[in-house]
Number of protein chains: 2
Amino acid sequence: MAKTKRKAERREDALTRERIVDAAIALLDDEGEQGLTFRALAARLATGSGAIYWHVTNKDELLAAASDVVVSRALADVRAHATPEQTIGSVALAVFDSIDAHCWAGTQLARNPPTRALLQIVERIGRQLQALRVPAAVQFTAASVLGSYIISESRQNAANGRSSEPRPDRADFLASVASEWMQLDADEFPFIRQVASQLREHDDRAEFLAGIDLILAGIASARRADDR
Amino acid sequence: MAKTKRKAERREDALTRERIVDAAIALLDDEGEQGLTFRALAARLATGSGAIYWHVTNKDELLAAASDVVVSRALADVRAHATPEQTIGSVALAVFDSIDAHCWAGTQLARNPPTRALLQIVERIGRQLQALRVPAAVQFTAASVLGSYIISESRQNAANGRSSEPRPDRADFLASVASEWMQLDADEFPFIRQVASQLREHDDRAEFLAGIDLILAGIASARRADDR
DNA sequence: ACCTGAACACCGTTCAAGT
DNA sequence: ACCTGAACACCGTTCAAGT
């Protein structure tokens, strides 16, 4: 037993990539994106800043890994539903909510090359499209549109919202955006102004799902076009 | 004449916000996003780095302004077409191509609060939706989906592509992405792997427009649902 | 009012030296 | 192999001093 264990025997407080990424997530959640410094992270891990570089290539990679972990965990909890459309909606909401809870993660999802989490999202969606019998030629387009929309909207929501649970000032925020838009030139921005006037009864999460449904309707019509 | 001019009389080389933003755009195009420094910018303008702060609040605002100018110029060139759908396609392509030419501008478009350029995009699209007689309740959702998709896809294309005109290594790039995806676990990523195998005959710009059409189909179906 | 440029605070990253 | 922490290079921003 001692023999097989010897290599694996690690001190409880040994520095590992996993511990570093977890500490980074905690730091990002606590202090925001600008709170993540190698110095602060080293302090949290009770080590030197240089030690981190032994396990992680650089800050960029660390941020990507942190975002990956957060979104992957959220995706892992998504179960299949009765219809592919519902499953797609669940995947979308899982991403939306996890980025809402970790607002720094949104930026990372749009990175290039794509993070593994983004590939997971597209994979989950793609399978549902196949289950929906979307023609092969349309599958890539459909998955792209859904993926783009999910990332983009989740990101924007997180940038607006700061922390999901306690939103006392949400109404104030909407009102301030609305009043700002109403000050735009009436000739140049008639549409924006009209939208601004409806902004009060706005539910981000419901709006997000309405967008998903709109895209699904487009996919359904492409499928019908193919049947003919 | 001397009297009315006195206030407006400025030396040719006077520092103005406009000159600063233009120099920033040139610097960003030449050296990339990380090439924009107050020191480098000051050198280009033959002044001290502190002088820039008299005309611009900070780097963030400067980046936003630069992106705004670039995208606004592209939008200004878009003319109305025979159908609202075609006009929307033209707006989308104008944004896509301008970000492709200035790849640093994509990130800025997704800023919060929204840049003026994004409001212009949504405005142009919104008016076309009204021309299409999209029900009022759907207009906001439809404009959001289109806006999200345009920004997200343009950004990703720019991050991939580096400079639009000379793309000799484009095929190589696609091939390398494809082979990377083919190395993913076959059980975990069947859809991604299938998509990867079709990646060779991929035209980003055509794909982008196909996505726009898919969304427009969704909008059309929402319109029909309303008619009933 | 507007410009100059040195100085400040802070950060990612490296690396010689340790264990 | 892995950790330490001082040092390096570089940057956004400020500000006293100039015109």
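For clarity, every value in this text was computed on a predicted model and none was experimentally measured. The basis for the numbers below is simple: all heavy atoms, side chains too, and nothing from hydrogens, waters or symmetry mates. Below, chains carry the letters A, B, ... as their sequence lines are ordered, and counting in each starts from 1.
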Show me, range against range, the stems involving DNA chain D, built from at least 3 consecutive Watson-Crick or G-U pairs below 3.5 Å.
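Looking at DNA chain D, the stems formed by three or more consecutive pairs are C:4-8 with D:12-16, C:12-16 with D:4-8.
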Whole-Å distance between [N] [atom2] and [X] [atom1]?
{"X": "B:Ile52", "N": "C:dA1", "atom1": "CD1", "atom2": "C1'", "value": "18 Å"}
{"X": "B:Leu45", "N": "C:dG5", "atom1": "CG", "atom2": "P", "value": "14 Å"}
{"X": "B:Gln34", "N": "D:dC10", "atom1": "CD", "atom2": "C1'", "value": "12 Å"}
{"X": "A:Leu15", "N": "D:dA1", "atom1": "CG", "atom2": "C1'", "value": "13 Å"}

Could you list all N or O pairs between the protein and nucleotides 17-19 of chain C that sit under 3.5 Å apart?
none

Going by an N to O cut-off under 4.0 Å, is there a salt bridge joining [X] and [Y]?
{"X": "B:Asp97", "Y": "B:Arg205", "value": "yes"}
{"X": "A:Arg44", "Y": "A:Asp30", "value": "yes"}
{"X": "B:Glu61", "Y": "B:Arg111", "value": "no"}
{"X": "A:Arg73", "Y": "A:Asp22", "value": "yes"}

Decide yes or no for A:Asp29 and A:Trp104: does some side-chain heavy atom of the first lie under 4.5 Å from some side-chain heavy atom of the second?
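A side-chain contact exists here, since the closest heavy-atom pair is under 4.5 Å.
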Is any side-chain heavy atom of A:Lys59 closer than 4.5 Å to a side-chain heavy atom of A:Tyr53?
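No - every pair of side-chain heavy atoms lies 4.5 Å or more apart.
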Please list, pair by pair, any protein nitrogen or oxygen found under 3.5 Å from a nitrogen or oxygen in nucleotides 13-16 of chain D.
| residue | atom | partner | partner atom | Å |
| --- | --- | --- | --- | --- |
| D:dT13 | OP2 | B:Tyr53 | OH | 2.9 |
| D:dT13 | OP2 | B:Lys59 | N | 3.0 |
| D:dT13 | O5' | B:Tyr53 | OH | 3.2 |

What residues form a ring pair (Phe, Tyr, Trp, His ring centres under 6.0 Å) with A:Phe208, not counting sequence neighbours?
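A:Phe208: ring pair (Phe, Tyr, Trp, His ring centres under 6.0 Å) contacts with A:Phe96, A:Tyr149.
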Would you check, one step at a time, whether the test side-chain hydrogen bond (donor to acceptor under 3.5 Å, both in side chains) holds for B:Thr141 with A:Glu207?
CA-CA 7 Å; B:Thr141 303; A:Glu207 236 326 283; 3.0 Å; yes
With a non-hydrogen cut-off below 4.0 angstrom, is A:Leu41 in contact with a base, only sugar-phosphate, or nothing?
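No contact.
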Output yes when a side-chain donor or acceptor of A:Arg39 lies under 3.5 Å from a complementary backbone atom of A:Ser49, and no otherwise.
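Not confirmed, A:Arg39 side chain does not pair with A:Ser49 backbone.
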Would you be so kind as to tabulate the donor-acceptor pairs closer than 3.5 Å made by side chains of residues 118-127 of chain A, with sequence neighbours excluded?
| residue | atom | partner | partner atom | Å |
| --- | --- | --- | --- | --- |
| A:Gln120 | OE1 | A:Ser72 | OG | 2.9 |
| A:Glu123 | OE1 | B:Phe191 | N | 3.1 |
| A:Glu123 | OE1 | B:Ile192 | N | 2.9 |
| A:Glu123 | OE2 | A:Arg127 | NE | 2.9 |
| A:Glu123 | OE2 | B:Phe191 | N | 2.9 |
| A:Arg124 | NH1 | A:Leu75 | O | 3.3 |
| A:Arg124 | NH2 | A:Val78 | O | 2.9 |
| A:Arg127 | NH2 | B:Glu188 | O | 2.8 |

Is the phosphate of D:dC3 approached by A:Trp54 (side-chain N or O, under 4.0 Å from OP1 or OP2)?
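No.
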Going by the rule salt bridge (charged side-chain N to carboxylate O under 4.0 Å, His left out), which residues pair with A:Glu33 if we only count those two or more places apart in sequence or in a different chain?
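Salt bridge (charged side-chain N to carboxylate O under 4.0 Å, His left out) list for A:Glu33, sorted by chain: empty.
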